[in-house]
Amino acid sequence: MHILVCDDDAAFSAKVAEYATTYFEAHEIPVQATVCSDPEQVLAIPDLELYRIAFLDVDMPQVNGIALGGQLRHRNPDICLVYVSAYLAFALDGYKVNAYRYILKRDVAKQLPSCLEDIYASMMQAGTKTLAVHHNRETIRIPLDQIYYLESEGRVINVYGDIAREHFCTFYGKLKELPPILARNGFLQVGRSDVVNLQHVCAIRNYRVLMKNGVELSVSRSKYAAVRAAYLEWKGQFGDE
């Protein structure tokens, strides 16, 4: 999961990023955190649509955090905006950009843990359709929209999300034994070892699948025509093209 922290206090930003990363990785969600010191750095980040959470200061030079949040919301409508500021006076402005939470810096040690817990809970609830797998001697349910693709290695299946090439879950099984809920919700086997979530596919061309996180996967030549047709049909039904 991609997380963004923007604050002109670099030391404070690093602490927020470290705390959030530790929290989510303890819940077996790998995190790629980006820390910026000014809004211009944020807006120059490629693939902003990959970011799930942004922790923003309000009182920053050049562009304030509320305006930055509006620009982030425009480019990534589903991003979760959390404001961490020294000034309570800006709290109401957060509603203009549909902020998830407004935390005062003096209360961050007390309020950030519960904020992260609530974000995690809402992420789990938002993914009402889940894949149930046995992992580390327990059954866990992974929201389907967090899965970019699944890749098999023998009897092991690795589950990948928005961080390129870093699987966040491993379980025993075979692709042909995956539950039907995947096929019913836009998951498609594109090769001998890979099943992709069409929701996170940018393009299929030249026998390659390009994922939104930059990963490219091979498409079997025997499956290519059928895979591309299924992708175009899905885009026609659910895509924005």
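Values below: every heavy atom of this structure, side chains too, minus hydrogens, waters and symmetry copies. Since we're looking at a predicted model, the values are computed, not measured.
Note that CE of M1 and OH of Y120 are 10.0 Å apart. Values are rounded to the nearest 0.5 Å. Between atom CD1 of residue I53 and atom CG of residue D78 there is a gap of 12.5 Å, rounded to the nearest 0.5 Å. Separating the CD1 atom in I66 from the CD atom in Q71 is a distance of 12.5 Å, to the nearest 0.5 Å. Distance check, rounded to the nearest 0.5 Å: CG of L198 to CE of M211 gives 8.0 Å. Taking CG of L56 as the reference point, atom CG of L72 lies at 6.0 Å (rounded to 0.5 Å).
Between A20 and F55, the shortest heavy-atom contact is CB-CE1, 4.1 Å. Considering every non-hydrogen atom in both C202 and Y231, the closest pair reads O-OH, 2.9 Å. The two atoms that bring E25 and V31 nearest to each other are OE2-N, 3.4 Å, heavy atoms only. Considering every non-hydrogen atom in both Y83 and G65, the closest pair reads OH-O, 2.8 Å. Contact between R205 and A203 at its shortest, heavy atoms only, is NH1-CB, 3.2 Å. A pairwise comparison of heavy atoms in S122 and Y100 identifies OG-OH, 4.3 Å as the closest pair.
At distances below 3.5 Å, at least one donor-acceptor pair connects side-chain atoms of S85 with backbone N or O atoms of Y87. In this structure a side-chain-to-backbone donor-acceptor pair under 3.5 Å is missing from Y102 to V82. Side-chain atoms of R221 never come within 3.5 Å of backbone atoms of Y207 as a donor-acceptor pair (strictly under, hydrogens ignored). Judged by distance alone, with hydrogens and angles left aside, the side-chain atoms of N197 form a donor-acceptor pair with the main-chain N or O of I147 at under 3.5 Å. At least one donor-acceptor pair under 3.5 Å links the side chain of N213 to the backbone N or O of V215. Remark: the backbone N or O of Q111 is paired with a side-chain donor or acceptor of S114 at under 3.5 angstrom. Judged purely by atom type and a 3.5 angstrom limit, K212 uses its side chain to pair as donor or acceptor with the backbone of Q199.
Around the NE2 atom of H27, the shell of radius 6.0 Å holds more than 12 heavy atoms that belong to other residues, nucleotides or ligands. Around atom CZ of R184, more than 12 heavy atoms belonging to other residues, nucleotides or ligands sit under 6.0 Å away. Atom CZ of R141 has 12 or fewer heavy atoms from other residues, nucleotides or ligands within 6.0 Å.
Pairs of residues two or more places apart, or lying in two chains, that qualify as ring pair (Phe, Tyr, Trp, His ring centres under 6.0 Å) and include a residue from residues 140-181 are Y148-H200, Y149-Y160, Y160-H167.
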Only pairs under 3.5 Å count here: list side-chain donor-acceptor contacts from residues 33-50, not counting sequence neighbours, and write none if there are none.
from: T34; atom 1: OG1; to: Y51; atom 2: OH; distance (Å): 2.7
from: S37; atom 1: OG; to: Q41; atom 2: OE1; distance (Å): 3.1
from: D38; atom 1: OD1; to: E40; atom 2: N; distance (Å): 2.9
from: D38; atom 1: OD1; to: Q41; atom 2: N; distance (Å): 3.1
from: Q41; atom 1: OE1; to: S37; atom 2: N; distance (Å): 2.7
from: Q41; atom 1: OE1; to: D38; atom 2: N; distance (Å): 3.4

Compile the donor-acceptor pairs under 3.5 Å between side chains in residues 7-14 and protein atoms, sequence neighbours left out, one pair per line.
from: D7; atom 1: OD1; to: D9; atom 2: N; distance (Å): 2.8
from: D7; atom 1: OD1; to: K105; atom 2: NZ; distance (Å): 3.4
from: D7; atom 1: OD2; to: K105; atom 2: NZ; distance (Å): 2.8
from: D9; atom 1: OD1; to: A11; atom 2: N; distance (Å): 3.3
from: D9; atom 1: OD1; to: F12; atom 2: N; distance (Å): 3.2
from: S13; atom 1: OG; to: D7; atom 2: N; distance (Å): 3.4
from: S13; atom 1: OG; to: D7; atom 2: O; distance (Å): 3.3
from: S13; atom 1: OG; to: D9; atom 2: O; distance (Å): 3.3

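At least one side-chain heavy atom of L131 sits under 4.5 Å from a side-chain heavy atom of L144. Using a 4.5 Å heavy-atom threshold, the side chains of D57 and C6 count as separate. In this structure, the side chains of P143 and M123 stay at 4.5 Å or more apart for every pair of heavy atoms. Contact annotation: the side chain of L188 approaches that of V227 to within less than 4.5 Å [non-hydrogen atoms, C-beta and beyond]. Between C169 and E28, every side-chain heavy-atom pair lies at or beyond the 4.5 Å cut-off. A heavy-atom distance below 4.5 Å is found between the side chains of F24 and L116. Proximity of K15 to Y19: side-chain heavy atoms (C-beta onward) are nowhere separated by under 4.5 Å. Side chains of V201 and I204 form a contact here, defined as non-hydrogen atoms less than 4.5 Å apart.
A side chain to side chain contact (heavy atoms under 4.5 Å, CB included) with I157 is found for one member of V195, V133, L178 and no other, namely L178. Between E151 and the choices V159, V156, L175, D194, the side chain to side chain contact (heavy atoms under 4.5 Å, CB included) rule is met once, by D194.
Scored by the side-chain contact (heavy atoms from CB on, under 4.5 Å) test, L92 finds Y95 as partners (sequence neighbours excluded). For F187, there are no ring-ring contact (aromatic ring centres under 6.0 Å, His included) partners two or more places apart in sequence or in a different chain. Shown here are the side-chain contact (heavy atoms from CB on, under 4.5 Å) partners of E117, two or more places apart in sequence or in another chain: Y23.
Taken together through direct or relayed side-chain contacts under 4.5 Å among Ile, Leu, Val, Met, Phe, Trp and Tyr, I163 and I79 form parts of separate hydrophobic clusters. By the criterion of side-chain heavy atoms lying less than 4.5 angstrom apart, applied directly or through intervening Ile, Leu, Val, Met, Phe, Trp or Tyr residues, V196 is grouped together with W234 in one hydrophobic cluster. If you chain together hydrophobic residues whose side chains sit under 4.5 Å apart, V190 and L232 fall into the same group.
Between D162 and R52, none of the side-chain N atoms (NZ, or NE/NH1/NH2) sits under 4.0 Å from a carboxylate O, so this pair counts as no salt bridge.
Side chains of S220 and R192: a donor-acceptor N/O pair is absent below 3.5 angstrom, by distance only.
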Step-by-step side-chain contact (heavy atoms from CB on, under 4.5 Å) determination, V5 to V16: CA-CA 7 Å; V5 183; V16 171; 4.2 Å; yes
| request: Please lay out, stage by stage, how R101 and D118 fare under the test salt bridge (Lys or Arg N to Asp or Glu O under 4.0 Å). | output: CA-CA 10 Å; R101 195 72 55 88; D118 291 343; 2.9 Å; yes
